[in-house]
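Structure first, then comments.
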Amino acid sequence: MRAVTFDPQHDSFSLKDITIPSPGPDEVRVRVLASSINPVDAKIIHWKRQVKDMTADWVPGVDVSGIIDAVGSAVRGWSPGDRVLYHGNMFRDHGGFAEYAIHRAATLIPHPDVPPETAAAVPCAGWTAYRALVDKLQVSTQDSLLVGGGSGSVGGFAVQIARALGVGTVIATCSPANAAYVQSLGASHTIDYHHEDIVGKVMEITGGTGATRALDTIGNGAEVPIADSLAFEGQIAEIVSLLRPELYEGAAAKGLSFHQLALGNAHGSPATEHLLVKAGLACSRLLEEGKLTVTRKRVITLEEAASLMGSFLKSRPQEKLIIVP
């Protein structure tokens with residue numbers, strides 16, 4: 001089969017013909033209809049050392065829309081021909097950048113009633129946004145939510161999910177060029193992080209109290225003004241860097257709460273894998289109801305993906321890249 005592979009010795013991606021993999025007892029083989037490129041896929045260059053015996057035929061690609069082609073001997077409830085969607089385990093081989101992929105049956109969900117190119121764009125970013133807002137921050141209609149990076153993949157989904165959940169005040173930071181786009185997703189207010197005082201603007205919008213909830217999708221210091229914009233007993237979730245409460249103005253006095261989230265770490269344990277399924281099913285419902293959309297996407301081939309992967313993090317495109325084998 002044709003696949004985009006990663007060579008850990010040379011940190012390079014290439015298109016190869018490799019053997020079609022067989023599923024293990026608790027796994028299924030999926031004929032890939034579409035997969036999407038996420039930053040974590042390109043960051044394999046940084047996390048490859050966490051995988052023992054990675055070969056030059058390692059296939060990345062965590063988000064997959066497809067049709068089950070074969071099932072392992074211990075798999076129950078799934079059959080060949082079933083259409084499925086999943087967020088894969090980045091530390092397991094045979095990802096979605098190929099004609100066939102392998103995945104554990106425990107975290108499959110039924111494919112939503114949307115095109116595969118749309119479905120494949122959602123899991124990594126959309127399920128992260130859902131888990132951050134619902135499982136971690138437990139947002140309600142009474143909250144004011146601040147999203148750092150509202151035009152990015154996770155931030156854009158977070159704005160839409162917050163609106164679908166009935167959050168009335170949704171504030172998002174973005175560049176002026178993306179303000180109209182973020183407002184079209186459902187943000188009630190946008191803040192130009194290049195030229196405006198984020199804390200001052202949030203206080204102005206919230207009548208001086210600050211945001212009750214915040215999600216930062218940028219990290220590396222960008223979360224500081226987001227955390228500083230929180231109200232008394234406000235809460236912030238972070239998906240990129242480690243939160244550092246000692247850097248945030250009045251964090252202790254305000255009694256702030258802090259949440260870290262790494263979506264893929266739910267793999268591997270029955271005690272946590274259900275969280276992926278829950279988030280996936282919820283996002284699929286929102287997709288089918290038209291409350292979650294993917295407006296910025298571009299379909300590419302495996303050949304194009306192989307050439308783009310090496311430079312993806314340096315020149316990340318505005319649209320979501322969807323691979324159709």
**OP:** Could you walk me through whether W58 and D53 pass the side-chain contact (heavy atoms from CB on, under 4.5 Å) test, one step at a time?
**Re:** CA-CA 10 Å; W58 183 278; D53 303 322; over 6 Å; no
Any side-chain heavy atom of [X] within less than 4.5 Å of one from [Y]?
| X | Y | answer |
| --- | --- | --- |
| P110 | V84 | no |
| F312 | P317 | yes |
| V167 | T141 | no |
| T118 | L287 | yes |
| K297 | S36 | no |
| V122 | V294 | yes |
| Y86 | D63 | no |
| K136 | L215 | no |

Checking the side chain of [X] only, and the main-chain atoms of [Y] only, is there a donor and an acceptor separated by less than 3.5 Å?
| X | Y | result |
| --- | --- | --- |
| R163 | G186 | yes |
| T293 | T295 | no |
| D41 | V62 | yes |
| S65 | A120 | no |
| S311 | K314 | no |
| K291 | A164 | no |
| E238 | H259 | no |
| E304 | T301 | yes |
| H267 | G88 | yes |

As an exercise, state the distance from [atom1] of [X] to [atom2] of [Y], rounded to the nearest 0.5 Å.
| X | Y | atom1 | atom2 | result |
| --- | --- | --- | --- | --- |
| I20 | H94 | CD1 | NE2 | 11.5 Å |
| I239 | L261 | CD1 | CG | 7.5 Å |
| L243 | Q260 | CG | CD | 4.5 Å |
| L137 | I236 | CG | CD1 | 8.5 Å |
| E233 | L256 | CD | CG | 9.0 Å |
| S229 | I191 | OG | CD1 | 6.5 Å |

For the residue pair [Y] / [X], report whether a side-chain donor-acceptor contact shorter than 3.5 Å exists.
| X | Y | result |
| --- | --- | --- |
| D143 | T212 | yes |
| N38 | K320 | yes |
| T169 | H189 | no |

Original post:
With a cut-off of 6.0 Å (strictly less than), are more than 12 heavy atoms of other residues, nucleotides or ligands near CD of E249?
Top reply: no
Original post:
More than 12 foreign heavy atoms under 6.0 Å from CD of E289: is that the case here?
Top reply: yes
Original post:
Centroid-to-centroid, F91 to W47, below 6.0 Å?
Top reply: yes
Subject >> Candidate pair F232 and T209, rule side-chain contact (heavy atoms from CB on, under 4.5 Å), full reasoning >> reply: CA-CA 8 Å; F232 179 72; T209 63; over 6 Å; no
**OP:** Starting from the C-alpha separation in whole Å, work towards a yes-or-no answer on salt bridge (charged side-chain N to carboxylate O under 4.0 Å, His left out) for D192 and K201.
**Re:** CA-CA 10 Å; D192 175 4; K201 289 294 293 184; over 6 Å; no
Non-hydrogen atoms of [X] and [Y] that approach each other most closely:
| X | Y | value |
| --- | --- | --- |
| T217 | V240 | O-CG2, 3.4 Å |
| P60 | F6 | CD-N, 4.5 Å |
| P80 | V71 | CD-CG1, 4.1 Å |
| A129 | A158 | CB-N, 3.6 Å |
| S144 | A211 | OG-CA, 3.3 Å |
| A106 | V277 | O-CG2, 3.7 Å |

**OP:** Show the numbers, then the answer: is there a salt bridge (charged side-chain N to carboxylate O under 4.0 Å, His left out) between R31 and D69?
**Re:** CA-CA 6 Å; R31 178 167 63 84; D69 171 73; 5.9 Å; no
Original post:
Looking at L281, L275, I109, which one forms a side-chain contact (heavy atoms from CB on, under 4.5 Å) with W127?
Top reply: I109
Original post:
Should D17 and R2 be marked as a salt bridge (charged side-chain N to carboxylate O under 4.0 Å, His left out) after you check the CA-CA gap, both sets of side-chain angles, and the distance that decides it?
Top reply: CA-CA 5 Å; D17 281 316; R2 295 159 64 246; 5.4 Å; no
**OP:** Evaluate side chain to side chain donor-acceptor pair (under 3.5 Å) for T107 paired with H87, printing each intermediate quantity in order.
**Re:** CA-CA 8 Å; T107 52; H87 174 69; over 6 Å; no
**OP:** In sequence, state the C-alpha distance, the side-chain angles, and the governing distance for S241 and E223, and then conclude on side chain to side chain donor-acceptor pair (under 3.5 Å).
**Re:** CA-CA 9 Å; S241 303; E223 84 284 357; 5.3 Å; no
**OP:** Check the pair L145, L133 against side-chain contact (heavy atoms from CB on, under 4.5 Å), reporting the backbone distance first and the verdict last.
**Re:** CA-CA 9 Å; L145 173 70; L133 297 189; 3.9 Å; yes
**OP:** Determine, stepwise, if the pair V59 / I18 fulfils side-chain contact (heavy atoms from CB on, under 4.5 Å).
**Re:** CA-CA 10 Å; V59 181; I18 62 174; 3.7 Å; yes
**OP:** Please assess E319 against R298 for the test salt bridge (charged side-chain N to carboxylate O under 4.0 Å, His left out), listing each intermediate value before the final yes or no.
**Re:** CA-CA 6 Å; E319 66 269 274; R298 175 160 58 99; 3.6 Å; yes
Original post:
In the single-linkage hydrophobic clustering (I, L, V, M, F, W, Y; side-chain heavy atoms under 4.5 Å), do V64 and M1 co-cluster?
Top reply: no
Original post:
Do you reckon V75 sits in the same ILVMFWY cluster as I68, going by side-chain contacts under 4.5 Å, direct or chained?
Top reply: yes
